[in-house]
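Take a look at the structure set out below.
Computed over heavy atoms, backbone and side chain alike; hydrogens, waters and symmetry mates excluded. Every number for a ligand or one of its atoms is a count from 1 in the order of the listing.
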Amino acid sequence: MILVTGASGKTGRRVIDRLTAEGRDFRAVGRSSEPPFEWERPETWPAVLEGARVAYIVHPELAAPGAAEVIAEFAAVAGSAGVERLVLLSGRGESGAEVSERAVRESGLAWTVVRASWFAQNFTEGLLHPAPGGGVFALPAGEVREPVVDAEDIADVVTAALTDPRHEGRLYDVTGSRLLAFAEMADEISRAAGRPVHYAAISPDAFRELLTPHVGPAGAEMYVQLCAEVFDGRNEKAGEGVREALGREPRDFTAFCRDAAATGVWSW
Ligand SMILES: NC(=O)c1ccc[n+]([C@@H]2O[C@H](COP(=O)([O-])OP(=O)(O)OC[C@H]3O[C@@H](n4cnc5c(N)ncnc54)[C@H](OP(=O)(O)O)[C@@H]3O)[C@@H](O)[C@H]2O)c1
């Protein structure tokens, strides 16, 4: 049985679609599942782990203080409960995420790390939606170029890792194949949506001010630090994870934009 945490999220939902299509036995959990699962409440862990042999680990924010310790503790509890293999969703170029990766790799269980770049779905389901609806989205990312990845590709890699032991011991650098500046992503979204969308390259201070009402001062500071790290140029290189894990090319951002526009998500 496969345990899927973060089951309602951008990758978890897509992984569940695939496991369902393949007729796999899985348990999808989050804070409102039955039984519920909460990272902050270890007393919720044994019930969701019962009978699981493989687990997909999605922490809501690996950059958060204490995330790596929680993941190390979860891996230990999972091992005691009979889990044999862990698949961790990680973030590319994030020093905090690397500590969590280490916790999983040193857990004594079989592991796969899926280290992903910036998700295209941030524009449709995440951080920046419905911001493009206002015609502008803002990030402290300057002119940096990012190999934006489609969560459909992440879900394909994760599902392969959950269901096939050949992916054990692999760290997959999962990105799209093209480097795009955020202004170029805005152009692509504009073309697909048929309405102008602009990228505003704002300062870290302006970003902190923008986020604070939504996530509080500590959360805002965490995201400012995270952006300073991942948008400093270190990720300006496409990874080989999709090709290595699946033997095919990553999905392109243009196709993502076309499909997203067709769903009406940008029909503001
Ligand atoms: N977005 C990006 O560009 C990007 C890039 C690289 C890596 N990442 C990593 O991706 C991860 C997020 O994955 P995602 O985008 O698939 O998920 P997501 O869409 O952010 O959704 C978060 C999931 O976690 C669950 N959740 C939230 N708080 C929880 C808690 N306290 N206890 C238990 N479950 C909780 C939510 O379900 P409920 O609300 O139902 O509990 C939801 O299913 C993060 O670790 C992030 O660092 C993101």
Side-chain angles (χ1 to χ4, degrees), residues 3-18 26-45 47-49 55-68 70-71 73-74 86-101 103-104 113-129 131 137 139 141 144 146-159 162 171-176 180 182 185 214-215 219 222-223 225-227 229-231 234-235 239 241-242 250 253 256:
L3 175 67
V4 179
T5 65
S8 60
K10 292 186 282 303
T11 63
R13 202 151 28 80
R14 292 176 166 83
V15 168
I16 284 166
D17 287 346
R18 286 156 173 76
F26 65 86
R27 180 179 294 139
V29 301
R31 288 168 297 180
S32 49
S33 59
E34 191 46 56
F37 170 75
E38 252 185 79
W39 285 107
E40 297 80 0
R41 292 173 56 220
E43 66 274 21
T44 65
W45 301 354
V48 301
L49 283 165
Y56 178 38
I57 300 183
V58 180
H59 190 278
E61 195 39 79
L62 287 181
V70 170
I71 284 173
E73 194 187 339
F74 181 78
L86 302 174
V87 177
L88 174 71
L89 175 63
S90 182
R92 197 173 191 239
E94 299 180 24
S95 49
E98 280 172 27
V99 191
S100 294
E101 290 178 8
V104 165
V113 171
V114 177
R115 192 189 269 175
S117 57
W118 172 267
F119 298 179
Q121 278 75 4
N122 291 331
F123 292 111
T124 50
E125 302 166 30
L127 196 62
L128 299 178
H129 180 71
F137 65 89
L139 283 172
V144 81
E146 176 72 20
V148 57
V149 66
D150 193 316
E152 301 289 346
D153 284 339
I154 301 172
D156 280 343
V157 175
V158 167
T159 304
L162 290 171
L171 189 160
Y172 290 122
D173 191 15
V174 173
T175 78
L180 289 169
F182 283 94
M185 294 184 215
H214 303 286
V215 296
M222 179 187 74
Y223 286 116
Q225 295 305 329
L226 181 60
C227 288
E229 253 192 330
V230 298
F231 296 141
R234 71 184 66 189
N235 284 341
V242 173
F253 190 66
F256 162 80

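- Contact annotation for Ala7 and ligand 1: only backbone heavy atoms (N, CA, C, O) come within less than 4.0 Å of the ligand.
- The closest protein non-hydrogen atom to atom 21 (O) of ligand 1 is Gly9 CA, 3.4 Å.
- Using a 4.5 Å heavy-atom cutoff, the side chains of Thr11 and Val158 are not in contact.
- The shortest contact between atom 47 (O) of ligand 1 and any protein heavy atom is with Glu61 OE2, 3.4 Å.
- Taking a cutoff of 4.0 Å between a charged side-chain nitrogen and a carboxylate oxygen, Glu94 and Arg234 do not qualify as a salt bridge.
- The shortest separation from a heavy atom of Ala97 to ligand 1 is not under 4.0 Å, leaving the residue out of contact.
- Atom 24 (O) of ligand 1 has its closest protein heavy atom at Gly6 CA, 3.7 Å.
- If you check each of His59, Glu94, Arg92 against atom 44 (C) of ligand 1, the one with the closest non-hydrogen atom is His59.
- Formation of a donor-acceptor pair under 3.5 Å by the Arg27 side chain with backbone atoms of Val48 is found in this model.
- With a heavy-atom cut-off of 4.0 Å, Ser117 touches ligand 1 through its backbone alone.
- Between Val58 and ligand 1, no N or O atom pair is found at a separation short of 3.5 Å.
- Note: Phe231 and Phe182 meet the aromatic proximity criterion, with ring centroids under 6.0 Å apart.
- Under 4.0 Å from ligand 1, the heavy atoms of Glu40 that appear belong solely to its side chain.
- With sequence neighbours left out, Ser95 forms a side chain to side chain donor-acceptor pair (under 3.5 Å) with Glu229.
- Partners of Pro36 according to the side-chain contact (heavy atoms from CB on, under 4.5 Å) rule, which considers only residues two or more places apart in sequence or in another chain, are Glu34.
- Listed by atom number, the atoms of ligand 1 under 4.0 Å from Trp118 heavy atoms are 3 (O).
- Within ligand 1, counting atoms from 1 as listed, the ones closer than 4.0 Å to a heavy atom of Gly91 are 6 (C), 7 (C).
- With values rounded to the nearest 0.5 angstrom, Asp150 atom CG is found 12.0 Å from Thr175 atom OG1.
- The contact set between ligand 1 and Phe37, taken as ligand atoms under 4.0 Å from a residue heavy atom, comprises 32 (N), 33 (C).
- Contact of the Asp156 side chain with the Val242 side chain is not registered, since no non-hydrogen atoms from C-beta on lie closer than 4.5 Å.
- For atom 37 (O) of ligand 1, the closest non-hydrogen atom of the protein is Ser8 OG, 3.0 Å.
- Proximity to Glu38 (heavy-atom distance under 4.0 Å) selects the following atoms of ligand 1: 32 (N), 33 (C).
- Under the 6.0 Å cut-off for aromatic ring centres, Phe137 and Phe123 qualify, their centroids lying closer than that.
- The aromatic rings of Phe253 and Phe256 lie parallel to each other, with less than 30° between the two planes, well short of the 60° mark.
- Across Phe74 and Leu3, no two heavy atoms sit closer than the pair CZ-CD2, 4.0 Å.
- For atom 10 (O) of ligand 1, the nearest non-hydrogen atom of the protein is Leu89 CD2, 3.3 Å.
- The closest protein non-hydrogen atom to atom 27 (C) of ligand 1 is Arg31 NH2, 3.4 Å.
- Pairing each heavy atom of Thr159 with each of Arg18, the nearest pair is OG1-CD, 3.4 Å.
- For atom 16 (O) of ligand 1, the closest non-hydrogen atom on the protein side is Thr11 OG1, 2.8 Å.
- Only side-chain heavy atoms of Asn122 come within less than 4.0 Å of ligand 1; its backbone N, CA, C and O stay farther off.
- For atom 48 (C) of ligand 1, the closest non-hydrogen atom of the protein is Phe119 CZ, 3.4 Å.
- Those atoms of ligand 1 that come under 4.0 Å of a heavy atom in Leu62, given as number and element, are 45 (O), 47 (O).
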